[in-house]
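In what follows, a structure is listed as structure tokens, so that the remarks can point back to it.
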Amino acid sequence: MSKSIEIKNRKARFQYEILETFVAGIQLRGTEIKSIRDAKASLDEAYCHFVDGELFIRSMTIAEYSHGNIYNHEPTRERKLLLKKKELEKLEKKLKDQGNTVVPLKLFINDKGLAKLQIGLARGKKLHDKRESIKEKDMKRDVARIKARF
């Protein structure tokens, strides 16, 4: 593989406090993996939810494959996430706590050429926490500017 594919959900770390992360496989159709390898995917509006003890991702956009024909996939279809049973049980148990949710953080291709999704058990940030994040980011940017001058 010449280039590594890494599609991030930038909003997730700003809007949520990530408590724990997991790496999950994704059940994909043939043209979906080709679109991911072309970096034609987005996690912006995506979220994860449980259905009968199985974890699914909804609203993740994978653009139709440019060379696909009538067998092309639906761009925003619901896709099953593949985790170990113990991880699924742990996540489902933690989701029962008030305010916890599962958010997709990063979509990437691993060394074996398989698409993987990094998901995080998260708790929503309050407004003052978001302001604090903005202040930290601004300070880091200012420090980087000063270092670049000298």
Side-chain angles (χ1 to χ4, degrees), residues 1-66 68 72-144:
M1 299 274 158
S2 58
K3 62 178 183 173
S4 96
I5 304 299
E6 198 171 274
I7 299 157
K8 294 182 180 177
N9 185 354
R10 294 174 193 266
K11 291 181 186 176
R13 293 203 186 267
F14 177 70
Q15 293 178 338
Y16 298 98
E17 173 190 347
I18 308 301
L19 306 173
E20 199 171 348
T21 60
F22 299 90
V23 175
I26 317 171
Q27 245 181 17
L28 296 172
R29 302 233 167 98
T31 54
E32 289 175 327
I33 187 67
K34 293 176 181 185
S35 288
I36 290 172
R37 286 190 180 126
D38 287 345
K40 304 263 195 269
S42 170
L43 296 171
D44 288 344
E45 301 296 320
Y47 63 96
C48 301
H49 66 103
F50 276 93
V51 177
D52 297 329
E54 295 179 331
L55 190 61
F56 289 88
I57 185 166
R58 189 176 274 173
S59 299
M60 176 173 80
T61 306
I62 299 177
E64 288 190 354
Y65 183 55
S66 58
N72 229 331
H73 62 276
E74 183 186 329
T76 58
R77 77 177 184 89
E78 193 172 77
R79 295 166 180 93
K80 184 177 176 182
L81 297 180
L82 309 169
L83 284 163
K84 293 182 176 147
K85 195 171 185 175
K86 286 194 178 206
E87 291 175 326
L88 284 171
E89 289 168 356
K90 181 179 184 180
L91 271 174
E92 200 164 16
K93 189 175 130 192
K94 297 261 184 163
L95 280 181
K96 288 184 176 35
D97 293 347
Q98 190 66 35
N100 284 353
T101 187
V102 178
V103 292
L105 301 173
K106 181 171 65 171
L107 177 67
F108 62 97
I109 305 285
N110 71 1
D111 298 337
K112 295 180 182 178
L114 302 172
K116 298 288 182 178
L117 183 70
Q118 183 181 37
I119 57 174
L121 178 66
R123 183 179 297 125
K125 281 186 182 178
K126 304 281 188 261
L127 183 61
H128 60 87
D129 292 333
K130 290 180 184 179
R131 287 185 189 140
E132 197 66 37
S133 296
I134 292 170
K135 282 181 191 175
E136 286 177 26
K137 195 164 69 172
D138 288 345
M139 285 174 41
K140 284 180 184 175
R141 192 181 314 121
D142 292 343
V143 168

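- For the pair Leu81/Leu117, a side-chain contact is recorded, criterion being any heavy-atom separation below 4.5 Å from C-beta on.
- Counting heavy atoms from C-beta on, the side chains of Ile109 and Leu114 never come closer than 4.5 Å.
- To the nearest 0.5 Å, atom OH of residue Tyr16 and atom CG of residue Asn100 are 11.5 Å apart.
- Side-chain atoms of Ile18 and Leu121, non-hydrogen and from C-beta on, never get closer than 4.5 Å to each other.
- Pairing each heavy atom of Ile7 with each of Ala39, the nearest pair is CD1-CA, 4.2 Å.
- Annotation: side chain of Ile57 is not in contact with side chain of Ile119 (no heavy-atom distance under 4.5 Å).
- For the side chain to side chain contact (heavy atoms under 4.5 Å, CB included) criterion with Leu43, the lone passing option out of Gln118, Met60, Lys11 is Met60.
- Between Leu88 and Phe50 there is a side-chain heavy-atom pair separated by less than 4.5 Å.
- Rounding to the nearest 0.5 Å places CZ of Arg10 at 6.5 Å from NZ of Lys8.
- Side-chain atoms of Ser35 come within 3.5 Å of backbone atoms of Tyr65 as a donor-acceptor pair (strictly under, hydrogens ignored).
- With respect to Asp138 and Lys135, no salt bridge is recorded, no charged nitrogen being found less than 4.0 Å from a carboxylate O.
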Ser59 and Tyr47: side-chain contact (heavy atoms from CB on, under 4.5 Å), yes or no, with the steps? CA-CA 7 Å; Ser59 299; Tyr47 63 96; 4.0 Å; yes
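- When atom types are taken as modelled, the side chain of Glu92 and the backbone of Glu89 share no donor-acceptor pair closer than 3.5 angstrom.
- A donor-acceptor pair under 3.5 Å is formed between the side chain of Asn9 and the backbone N or O of Pro104.
- To the nearest 0.5 angstrom, Lys93 atom NZ is 10.5 Å from Lys96 atom NZ.
- Two residues are said to be in side-chain contact when any heavy atoms from C-beta on lie closer than 4.5 Å; Leu107 and Ile5 fail this criterion.
- A salt bridge does not link Lys125 with Glu132: none of the charged nitrogens is closer than 4.0 Å to a carboxylate oxygen.
- Taking the side chain as every heavy atom from C-beta outward, Lys80 and Ile26 never approach each other to under 4.5 Å.
- Listed by first and then second residue, the side chain to side chain donor-acceptor pair (under 3.5 Å) pairs that reach into residues 17-31 are Glu20-Lys90, Thr31-Asn72, Thr31-His73, sequence neighbours excluded.
- We find the CG-CG distance between Leu28 and Leu82 to be 9.0 Å, quoted to the nearest 0.5 Å.
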Evaluate the salt bridge (charged side-chain N to carboxylate O under 4.0 Å, His left out) criterion for residues Arg58 and Glu45: first the C-alpha distance (whole Å), next the side-chain angles of each, then the deciding distance (0.1 Å), finally the verdict. CA-CA 9 Å; Arg58 189 176 274 173; Glu45 301 296 320; over 6 Å; no
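- Between the side chain of Arg79 and the main chain of Arg77, a donor-acceptor pair closer than 3.5 Å is present.
- Contact between Ala12 and Leu105 at its shortest, heavy atoms only, is CB-CD2, 3.8 Å.
- Asp38 places no side-chain N or O within 3.5 Å of a backbone atom of Lys40 that could act as its donor or acceptor partner.
- Phe108 carries Lys106 over the face of its six-membered ring, with the cationic atom under 6.0 Å from the centre and within 45° of the normal.
- Taking CD1 of Ile33 as the start and CD1 of Ile62 as the end, the distance is 8.0 Å to the nearest 0.5 Å.
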Under the side-chain hydrogen bond (donor to acceptor under 3.5 Å, both in side chains) criterion, do Glu54 and His49 qualify, and how do the steps go? CA-CA 8 Å; Glu54 295 179 331; His49 66 103; over 6 Å; no
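- Residues Ile134 and Phe14 form a side-chain contact, since some pair of their non-hydrogen atoms from C-beta on lies under 4.5 Å apart.
- The number of heavy atoms from other shown groups lying within 6.0 Å of CD (Glu64) is above 12.
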